[in-house]
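All residue numbers in this chain count up from 1 along the given sequence.
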Amino acid sequence: MPQAPTHNFAATYQEGIVSQVDAKRHKIKATIPALEDFETAWLSFLTPNAGGNQFYCLPDIGELVAILLDARGEGGCVLGAIYNNQDPTPAASNDIWLKKFSNGTTIEHNRKTGDITIHAAGKVIINHSNVDVNNGTVTVNGGDVVADGISLKNHTHSGVKAGGDNTRKPQ
């Protein structure tokens with residue numbers, strides 16, 4: 001009977017500071033202050049989804065991260081970023097899901113109220129439905145806008161007269 005290979009499966013938890021980012025491969029390097037600023041090899045940055053459903057984001061250089069390293073410090077993965085004094089928690093409720101970007105854009109969902117709030121530094125563009133929302137102006141191509149049950153394309157006005165008079169409200 002063949003003998004099972006022996007491996008050292010020991011791992012260590014470390015906290016490090018992101019020193020390099022490889023955006024194409026979704027990997028980072030970090031220096032570990034507790035290990036005399038040892039710089040790791042390229043480590044995978046964990047993500048919630050990487051198959052049919054995908055989620056992509058990476059930490060910034062200088063960000064504090066949690067790392068799981070093998071016994072020799074040659075391999076491992078980055079578990080995620082850690083809030084700290086330099087990067088404080090952006091919300092104070094477990095009912096809030098928040099994505100905050102460095103340019104000021106935020107996407108927030110409040111599961112208690114059901115509200116979704118988007119504060120954009122630029123345009124909000126929804127390509128699939130050909131909807132463009134920009135600075136309070138909504139542009140819809142190939143569709144219709146309905147507000148309070150009134151269609152923008154198909155509403156009618158009554159009481160139309162020639163001249164300078166105004167029409168009644170849409171029906």
Side-chain angles (χ1 to χ4, degrees), residues 5-143 145:
T6 58
H7 294 283
N8 181 354
F9 290 109
T12 179
Y13 169 84
Q14 298 292 333
E15 292 183 2
I17 308 297
V18 176
S19 58
Q20 296 183 56
V21 175
D22 182 338
K24 185 175 181 179
R25 296 187 313 140
H26 206 258
K27 294 182 181 283
I28 67 112
K29 284 186 175 186
T31 57
I32 302 174
L35 300 177
E36 299 172 4
D37 287 331
F38 166 78
E39 186 175 55
T40 66
W42 287 106
L43 302 173
S44 294
F45 188 82
L46 295 186
T47 184
N49 302 97
N53 294 324
Q54 296 184 345
F55 182 85
Y56 179 89
C57 77
L58 285 165
D60 293 324
I61 291 176
E63 199 164 338
L64 180 64
V65 291
I67 303 169
L68 191 60
L69 286 177
D70 67 12
R72 294 188 212 155
E74 297 171 338
C77 64
V78 182
L79 303 172
I82 303 169
Y83 290 115
N84 57 74
N85 289 337
Q86 179 182 321
D87 299 307
T89 307
S93 169
N94 64 339
D95 287 319
I96 299 295
W97 177 95
L98 174 67
K99 179 69 178 176
K100 181 178 176 184
F101 298 89
S102 60
N103 68 0
T105 295
T106 61
I107 303 169
E108 178 180 313
H109 175 254
N110 182 323
R111 67 181 179 180
K112 191 174 254 183
T113 65
D115 294 346
I116 295 174
T117 306
I118 300 172
H119 295 280
K123 292 181 180 181
V124 175
I125 299 170
I126 304 169
N127 286 326
H128 183 70
S129 299
N130 294 315
V131 176
D132 181 359
V133 181
N134 185 25
N135 295 327
T137 301
V138 178
T139 305
V140 179
N141 297 312
V145 175

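Taking CD1 from Ile32 and CD1 from Ile67, the interatomic distance works out to 4.5 Å, rounded to the nearest 0.5 Å. Between the CG atom in Leu68 and the CG atom in Leu79 there is a gap of 5.5 Å [rounded to 0.5 Å]. We find the CD1-NE2 distance between Ile107 and His119 to be 11.0 Å, quoted to the nearest 0.5 Å. Note that CD1 of Ile28 and CG of Asp60 are 11.5 Å apart. Values are rounded to the nearest 0.5 Å. Separation of atoms CD1 (Ile17) and CD1 (Ile82) is listed at 8.5 Å; rounding is to 0.5 Å.
Scanning both residues, Tyr56 and Ala23, for their nearest heavy atoms gives OH-O, 2.9 Å. Heavy-atom minimum distance, Ala91 versus Ile96: CB-CG2, 4.1 Å. Between Leu98 and Pro90, the shortest heavy-atom distance links the atoms CD2-CB, 3.6 Å. Heavy-atom minimum distance, Val65 versus Ala30: CG2-CB, 4.4 Å.
The backbone N or O of Leu58 lies less than 3.5 Å from no partner atom in the side chain of His26, so there is not a single donor-acceptor pair.
Within the structure, every pair that satisfies the side-chain hydrogen bond (donor to acceptor under 3.5 Å, both in side chains) test and touches residues 85-102, not counting sequence neighbours, is listed here: Asp95-Arg111. For the side-chain hydrogen bond (donor to acceptor under 3.5 Å, both in side chains) condition, the pairs that include at least one residue of residues 41-52, sequence neighbours left out, are Lys27-Ser44. Here side-chain hydrogen bond (donor to acceptor under 3.5 Å, both in side chains) pairs that include residues 12-21, with residues two or more places apart or in two chains, are Thr12-Gln14, Tyr13-Glu15, Ser19-Glu39, Gln20-Glu39.
At a threshold of 4.5 Å between non-hydrogen side-chain atoms, the residues Thr40 and Phe38 count as touching.
Around CD of Glu74, the count of heavy atoms belonging to other residues, nucleotides or ligands within 6.0 Å exceeds 12.
Checking Asp115 against Thr117 by side-chain atom types alone, no donor-acceptor pair falls below 3.5 Å.
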